[in-house]
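Residue indices begin at 1 and follow the sequence shown.
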Amino acid sequence: MALRFHQIVVDAHDPSFLARFWCAVLDWKVLYEDEDEIVIGADETARPGICFLPVPEGKSAKNRLHIDLAPDDQAVEIERVLALGAGRVDVGQGTDVTWVVLADPEGNEFCVLRPRKTLVD
């Protein structure tokens, strides 16, 4: 294959804070940091990673792309991530869905799914 999924890039008002939030959520570490970018991941060879870039403005609209997280125990992980600083978000998902929509400290939405074993179950 000629292309591989390398990293997701996130614009952030406070890249250092947001990178450390996501490190705590995913049990990852900061792999590289300077004033222009912060790269986090499980390790330097595990793709994809997340790269945070500084921008002066805050988030202003619903994400067009978001991360889905698959936990072993949905309720436990939702409470853990909320304690780290995430918030619950209503994007019109209703009450009969199997996922929970949260937002990171800068308002970027992400979902905590029910436990999954494959990409299609």
Inset, instruction - Indicate yes or no: at least one non-hydrogen side-chain atom of Pro71 is less than 4.5 angstrom from one of Val76. - result: no
Legend entry - Selection residues 96-121 - residue pairs positive for ring-ring contact (aromatic ring centres under 6.0 Å, His included), sequence neighbours left out: Trp22-Phe110
Legend entry - Val91 with Leu113, same ILVMFWY side-chain cluster at under 4.5 Å: yes
Inset, instruction - Give a yes or no answer on whether the side chain of Lys59 reaches the backbone of Asn108 with a donor-acceptor pair at less than 3.5 Å. - result: no
Legend entry - Backbone of Val97 reached by a side-chain donor or acceptor of Arg114 within 3.5 Å: no
Legend entry - Asp34, CG atom: more than 12 neighbouring heavy atoms under 6.0 Å: yes
Legend entry - Salt bridge Arg88-Glu109, side-chain N to carboxylate O under 4.0 Å: no
Inset, instruction - State, yes or no, whether a side-chain contact exists between Arg116 and Thr118 at a heavy-atom distance under 4.5 Å. - result: no
Legend entry - Exercise: identify the closest heavy-atom pair between Glu106 and Asp11: OE1-O, 4.4 Å
Legend entry - Gap between atom CD of Gln7 and atom CZ of Arg47 - 0.5 Å precision: 9.5 Å
Inset, instruction - Heavy atoms only: give me the nearest Ile38-Ala19 pair and the separation to one decimal. - result: CG2-CB, 3.6 Å
Inset, instruction - Please check if atom CG in Asp27 has more than 12 non-hydrogen atoms from other residues, nucleotides or ligands closer than 6.0 Å. - result: no
Inset, instruction - Examine distances only and state if a side-chain atom of Glu79 and a backbone atom of Glu77 form a donor-acceptor pair shorter than 3.5 Å. - result: no
Inset, instruction - Say whether, by atom type as modelled, one donor and one acceptor occur between the side chain of His13 and the main chain of Pro54 under 3.5 angstrom. - result: no
Inset, instruction - Decide, yes or no, whether a salt bridge links Lys29 with Glu44 under the criterion of side-chain N to carboxylate O below 4.0 Å. - result: no
Inset, instruction - I would like to know whether Ile78 and Arg80 meet side-chain contact (heavy atoms from CB on, under 4.5 Å); could you show each step before the answer? - result: CA-CA 5 Å; Ile78 289 167; Arg80 184 182 71 82; over 6 Å; no
Inset, instruction - Keeping the roles fixed (side chain from Asn63, backbone from His66), state whether a donor-acceptor pair exists under 3.5 Å. - result: no
Legend entry - Within one Ile-Leu-Val-Met-Phe-Trp-Tyr cluster: Phe17 and Trp28, side-chain cutoff 4.5 Å: no
Legend entry - Residues in side-chain contact (heavy atoms from CB on, under 4.5 Å) contact with Ile8, at least two apart in sequence or another chain: Phe5, Val10, Ile67
Legend entry - Gln74 (side chain) donor-acceptor with Thr98 (main chain) under 3.5 angstrom: yes
Inset, instruction - State, yes or no, whether a side-chain contact exists between Ile50 and Leu26 at a heavy-atom distance under 4.5 Å. - result: yes
Inset, instruction - Flag the pair Leu69 / Val25 as yes when at least one side-chain heavy-atom distance between them is below 4.5 Å, and no otherwise. - result: yes
Legend entry - Nearest heavy atoms of Pro105 and Leu18, plus distance in Å: CD-CD1, 3.9 Å
Legend entry - Student check: side-chain heavy atoms of His6 and Pro48 closer than 4.5 Å: no
Legend entry - Atom of Phe52, atom of Pro15 and distance for their closest heavy-atom approach: CB-CB, 4.0 Å
Legend entry - Atom of Lys117, atom of Asp121 and distance for their closest heavy-atom approach: N-OD2, 2.9 Å
Legend entry - For Leu102 against Val89, the heavy-atom pair lying closest together: C-CG2, 3.8 Å
Inset, instruction - Please examine the side chains of Val9 and Leu53, heavy atoms only from C-beta on, and report whether any two atoms are closer than 4.5 Å. - result: yes
